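No hydrogens, no waters, no symmetry mates; every other heavy atom, side chains included, goes into these values. Only a predicted model underlies this, so the values are computations on that prediction, with no experimental measurement involved.
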Amino acid sequence: MYNKRQLFLVLMLFCTILAGCAASSGTDALSGSAPMPGSDVLPEDSLSSGSGALPEGSLSGGSGALPEGSLSGGSGALQGVGISTGSDAPWQDPGTRLSGSPDASISENAAPGLVRIALSDPVSTMDVQRNSEDYMIPLNIYERLFDIRVNEDGSTGLSKGLAKDWTVSGDGLTYRFILRPDAFFSDGTPVTASDVAFTFTRMLSLPGSVQTDFADMILGASAVMEGEADKLEGIRVLDEKSLEITLSEPFAGFIYQLATPSCSILSRRCVLESGDAFGLAPENAIGSGPYMVTEFTDSRIMLEKNPYYHCTEGETLSVERAEILVLAPALVDQMFREGRLDLLDMNRVNPDMVESYKSGEWAERIIAYDRVEIQYLMLNLETPPLDDVRVRRAVQMAINRQRILDELFNGDGKLLDGIFPRGLIGFCEENQGWLSYDPEEAARLIKEVPGAADIRIELAANSQSDIRSLRMLQMIRQDLSAVGLNASVVSYDEESRMYLRRAGRLMAYTGEWSADFNDPDNFIYTFFGGRDKTRSRSGNYSNEKIFARIQAARSILDERERMKEYSELERILIQEEAVWVPLFSTEHLFIPGERVERFVPFWAGWGSLCLEDIVLSSGAS
């Protein structure tokens with residue numbers, strides 16, 4: 001049986017193919033009738049269903065090992081594979097990024113105060129504790145205790161959100177917060193200290209929570225996560241507008257962490273009354289942010305000003321309403337050029353269209369913003385031949401990273417040789433420049449390892465990813481094959497791939513991590529902070545001494561000493577132990593339309609944006 005999301009995607013793919021006949025350039029890449037320029041056809045044996053990696057019985061009906069509907073019934077093959085196994089088949093643009101033709105209800109002459117934006121994929125839930133990918137809506141409908149603001153000179157700084165004032169004890173353990181008296185949820189109820197306490201407790205106790213990293217340093221967190229307690233020992237509500245949070249040990253990045261979307265404050269009443277439906281409909285997603293949701297479907301989301309929201313110091317809201325549409329890349333391009341979208345995220349159009357914007361009439365309006373991110377190839381250290389550090393080093397040297405950056409991202413980015421990206425506190429220039437493309441040395445190292453060339457290295461693809469992500473894996477496969485490794489791309493549907501990743505069963509895959517908060521802990525602790533963390537990302541790194549050092553670094557109060565320790569840990573992990581292949585960071589390009597006077601991207605260069613950072617022109621507001 002297909003689940004609701006899969007049926008929607010199949011329907012949208014069909015609609016897009018029909019709409020594509022009338023679309024502008026880029027339609028061929030959208031519909032899949034021609035391969036992406038420069039792409040090679042995968043050999044027949046380079047794709048497999050990957051079913052052998054799944055737990056026994058997970059392909060049979062009723063096993064309960066995978067979410068219902070994620071696998072095709074009884075066939076033994078994974079459902080949703082977006083790449084043909086035929087040797088003469090072109091790459092196809094998968095269906096999850098497709099939507100139908102522009103809705104007839106979309107006004108070509110936008111109403112005053114309205115901004116129109118496109119997304120590539122449906123938003124699965126507005127529950128920020130269940131979803132770490134779709135932050136566009138949480139950023140705008142919820143508030144946090146603090147926010148990160150971009151200053152006029154491009155630097156970033158911490159600004160107060162729900163927290164009116166705060167203090168920290170001399171030992172760095174206890175934080176006291178006083179909340180703004182004028183903070184209200186969009187249903188008119190006040191934001192209280194109990195809502196804050198409830199939010200962090202739920203972050204740890206919610207089955208399937210993806211945000212536990214942001215509260216696991218609070219005293220008593222482990223007891224809540226293990227079901228031994230239903231209240232956090234380290235949170236004490238003092239009165240309606242004040243509370244204390246005590247950590248199990250000092251953590252220098254704690255305040256900055258509170259400014260992440262992951263730490264959005266939820267309405268206790270709304271969550272409890274909504275139950276499992278929280279985040280799935282406008283009435284089940286009540287926040288205290290500047291906007292509220294009035295429509296939430298797979299193809300369109302509507303936001304309006306929260307009438308109970310009081311602007312913080314220096315804040316103004318030019319946007320009255322927002323229409324967020326889920327569109328295929330060709331339709332994003334078409335509608336922006338026709339003036340039916342007001343802000344273009346160039347990640348939402350086909351890669352081959354980017355150059356036309358750079359050289360055309362829009363060139364002078366392009367805003368280029370460096371992402372505080374790293375793209376990487378994760379390696380499973382428990383799986384031969386990747387359990388041998390010589391093979392992992394060979395993989396690092398075998399990949400032509402600059403070619404991938406040039407061909408797939410138009411050269412808009414910079415190579416990275418470690419864990420921490422540029423723009424992040426703790427970025428160390430001394431750990432850059434050591435990793436060179438050296439296929440000859442890579443081939444030599446592989447020959448040193450008996451049998452390494454005979455074991456297949458599986459690069460796990462998400463069959464529902466965009467064509468650029470799939471093409472990147474194909475290019476990596478070519479590079480690895482060229483130095484003597486037996487590499488192939490194995491395609492899984494999204495749910496199956498995530499299941500296997502969390503179980504530590506994927507052999508290798510590409511990923512991207514953007515900063516949630518400006519501290520190296522957000523990168524090194526997230527990926528390498530313990531055995532459970534490395535397994536859940538299929539890295540399976542197991543050096544307990546390094547885990548202990550990463551944990552201890554969080555408590556170093558001397559900033560210079562802390563950054564020095566992070567630099568040394570980065571060197572050990574990437575240069576000595578080759579736990580992954582660092583690839584690059586990219587620029588994020590935006591183009592404001594004629595109705596937008598000013599736009600400031602999110603400080604980390606995300607595609608998710610804050611509507612308050614958009615200023616409409618006088619004729620549009």
query: Is any side-chain heavy atom of Ile374 closer than 4.5 Å to a side-chain heavy atom of Leu583?
result: no
field: Residue pair Ser538, Tyr509: steps toward the side chain to side chain contact (heavy atoms under 4.5 Å, CB included) verdict
entry: CA-CA 9 Å; Ser538 284; Tyr509 65 92; 4.0 Å; yes
task: Could you note down all residue pairs passing side-chain hydrogen bond (donor to acceptor under 3.5 Å, both in side chains) where residues 424-433 supplies at least one of them, sequence neighbours left out?
output: Asn431-Ser567, Asn431-Glu570
- prompt: Do the two ring centres, one from Trp580 and one from Phe528, sit under 6.0 Å apart?
  reply: yes
By ring-ring contact (aromatic ring centres under 6.0 Å, His included) - contacts of Tyr309 (at least two apart): none
message: Less than 4.5 Å apart, side chain to side chain, heavy atoms only: is that true for Thr510 and Gln375?
response: no
message: Is there a salt bridge (Lys or Arg N to Asp or Glu O under 4.0 Å) between Arg149 and Glu612? Walk through the geometry before answering.
response: CA-CA 11 Å; Arg149 293 296 177 208; Glu612 59 200 277; 2.8 Å; yes
field: Close side-chain approach of Leu506 to Met378, heavy-atom, < 4.5 Å
entry: no
- prompt: Are the side chains of Leu145 and Cys263 in touch, meaning some heavy atoms are under 4.5 Å apart?
  reply: no
field: Closest approach of Gly161 to Asp147 (non-hydrogen atoms, all atoms of both residues)
entry: CA-OD2, 4.0 Å
Closest heavy-atom pair and its distance - Ala508, Leu379: CB-CD2, 4.3 Å
message: Nearest 0.5 Å, please: how far is CG in Leu327 from CZ in Arg348?
response: 10.5 Å
Polar side-chain atom of Ser469 near backbone of Ser465 as donor-acceptor pair, under 3.5 Å: no
task: Give the C-alpha distance, both sets of side-chain angles, the deciding distance and a yes or no for salt bridge (Lys or Arg N to Asp or Glu O under 4.0 Å) between Asp213 and Lys533.
output: CA-CA 10 Å; Asp213 284 358; Lys533 297 183 185 301; 2.5 Å; yes
- prompt: Do Ile574 and Pro582 have side-chain heavy atoms sitting under 4.5 Å apart?
  reply: yes
- line: Residues at least two apart in sequence or cross-chain that pass side-chain contact (heavy atoms from CB on, under 4.5 Å) with Asp406, listed by chain then number, are Gln402
task: Identify the two heavy atoms, one from Pro592 and one from Trp362, that lie closest to each other, and give their separation to 0.1 Å.
output: O-CZ3, 4.1 Å
field: Cation-aromatic face contact Arg337/Tyr357, 6.0 Å, 45 degrees
entry: yes
Closest contact, heavy atoms only, Ile117 versus Leu611: CD1-CD2, 3.8 Å
message: By the side-chain hydrogen bond (donor to acceptor under 3.5 Å, both in side chains) test, which pairs, at least two apart or in different chains, include something from residues 583-602?
response: Asp342-Arg595, Asp345-His588, Arg371-Thr586, Arg371-His588, Glu373-Thr586
- request: Evaluate the side-chain proximity of Phe146 to Leu158: yes if any heavy-atom separation is below 4.5 Å, no if none is.
  value: yes
- prompt: Which is it for Ser536 and Arg502 under the side chain to side chain donor-acceptor pair (under 3.5 Å) test, yes or no, and what are the steps along the way?
  reply: CA-CA 4 Å; Ser536 69; Arg502 289 175 175 169; over 6 Å; no
message: Applying side-chain contact (heavy atoms from CB on, under 4.5 Å), can you list everything that pairs with Ala398, at least two apart in sequence or on another chain?
response: Ala442, Leu480, Val483
- prompt: For the residue pair Phe599 and Phe590, is the inter-centroid distance of their aromatic rings smaller than 6.0 Å?
  reply: yes
Evaluation steps, side chain to side chain contact (heavy atoms under 4.5 Å, CB included), between Asp333 and Asn350: CA-CA 8 Å; Asp333 173 59; Asn350 289 318; over 6 Å; no
- prompt: Looking at side-chain heavy atoms only, is the closest gap between Ile148 and Asn518 below 4.5 Å?
  reply: no
- request: Check side chain to side chain donor-acceptor pair (under 3.5 Å) between Asp134 and all other residues, then give those that pass, not counting sequence neighbours.
  value: Asn131
task: Name all residues meeting the salt bridge (charged side-chain N to carboxylate O under 4.0 Å, His left out) criterion together with Asp516; count only those two or more places apart in sequence or in a different chain, and write none if there are none.
output: none
- prompt: Yes or no on side chain to side chain contact (heavy atoms under 4.5 Å, CB included) for Ile137 and Val293, after CA distance, side-chain angles and deciding distance?
  reply: CA-CA 8 Å; Ile137 309 307; Val293 182; 3.9 Å; yes
- request: Decide yes or no on side chain to side chain contact (heavy atoms under 4.5 Å, CB included) for Leu317 and Cys311, but give the supporting numbers first.
  value: CA-CA 8 Å; Leu317 299 179; Cys311 292; 4.0 Å; yes
statement: The side-chain contact (heavy atoms from CB on, under 4.5 Å) partner of Val123 among Val326, Ile324, Ile301 is Ile301
message: Test ring-ring contact (aromatic ring centres under 6.0 Å, His included) on Phe409 and Phe584; report intermediate values, then the result.
response: CA-CA 11 Å; Phe409 296 88; Phe584 42 74; 5.3 Å; yes
- prompt: Between Asn522 and Phe214, is any pair of side-chain heavy atoms under 4.5 Å apart?
  reply: yes
Contacts under 3.5 angstrom, residues 412-425 side chains, donor-acceptor by atom type, not counting sequence neighbours:
unit_1: Asp412; atom_1: OD1; unit_2: Lys358; atom_2: NZ; d: 2.8
unit_1: Asp412; atom_1: OD2; unit_2: Lys358; atom_2: NZ; d: 2.6
unit_1: Asp417; atom_1: OD1; unit_2: Arg401; atom_2: NH1; d: 2.9
unit_1: Asp417; atom_1: OD1; unit_2: Arg401; atom_2: NH2; d: 3.0
unit_1: Asp417; atom_1: OD2; unit_2: Gly433; atom_2: N; d: 2.6
unit_1: Asp417; atom_1: OD2; unit_2: Trp434; atom_2: N; d: 3.4
unit_1: Arg422; atom_1: NH1; unit_2: Leu415; atom_2: O; d: 3.2

- request: Report the residues that fulfil side chain to side chain donor-acceptor pair (under 3.5 Å) with Asn410, sequence neighbours left out, ordered by chain and then residue number.
  value: none
task: Say whether, by atom type as modelled, one donor and one acceptor occur between the side chain of Ser264 and the main chain of Pro261 under 3.5 angstrom.
output: yes
Qualifying residues under salt bridge (charged side-chain N to carboxylate O under 4.0 Å, His left out), relative to Lys305, sequence neighbours excluded: Glu320
query: Where the side chain of Asn400 meets the backbone of Arg403, is there a donor-acceptor pair that is under 3.5 Å apart?
result: yes
query: So, for Leu139 and Ser608, which heavy atoms are closest and what is the spacing to 0.1 Å?
result: CD1-CB, 3.8 Å
task: Sequence neighbours left out, what passes salt bridge (charged side-chain N to carboxylate O under 4.0 Å, His left out) with Arg501? Give chain and number order.
output: none
- request: Verify salt bridge (Lys or Arg N to Asp or Glu O under 4.0 Å) between Asp493 and Arg497, making sure each step is shown before the conclusion.
  value: CA-CA 6 Å; Asp493 71 271; Arg497 181 177 179 272; over 6 Å; no
task: In sequence, state the C-alpha distance, the side-chain angles, and the governing distance for Phe527 and Tyr376, and then conclude on ring-ring contact (aromatic ring centres under 6.0 Å, His included).
output: CA-CA 12 Å; Phe527 284 90; Tyr376 58 87; 5.4 Å; yes
query: How would you list, by chain and number, every residue that makes a side-chain contact (heavy atoms from CB on, under 4.5 Å) with Ser186, sequence neighbours excluded?
result: Ile286, Met292, Asn306
- prompt: Looking at Tyr142 and Met126, what are the two nearest heavy atoms and their distance?
  reply: OH-O, 3.0 Å
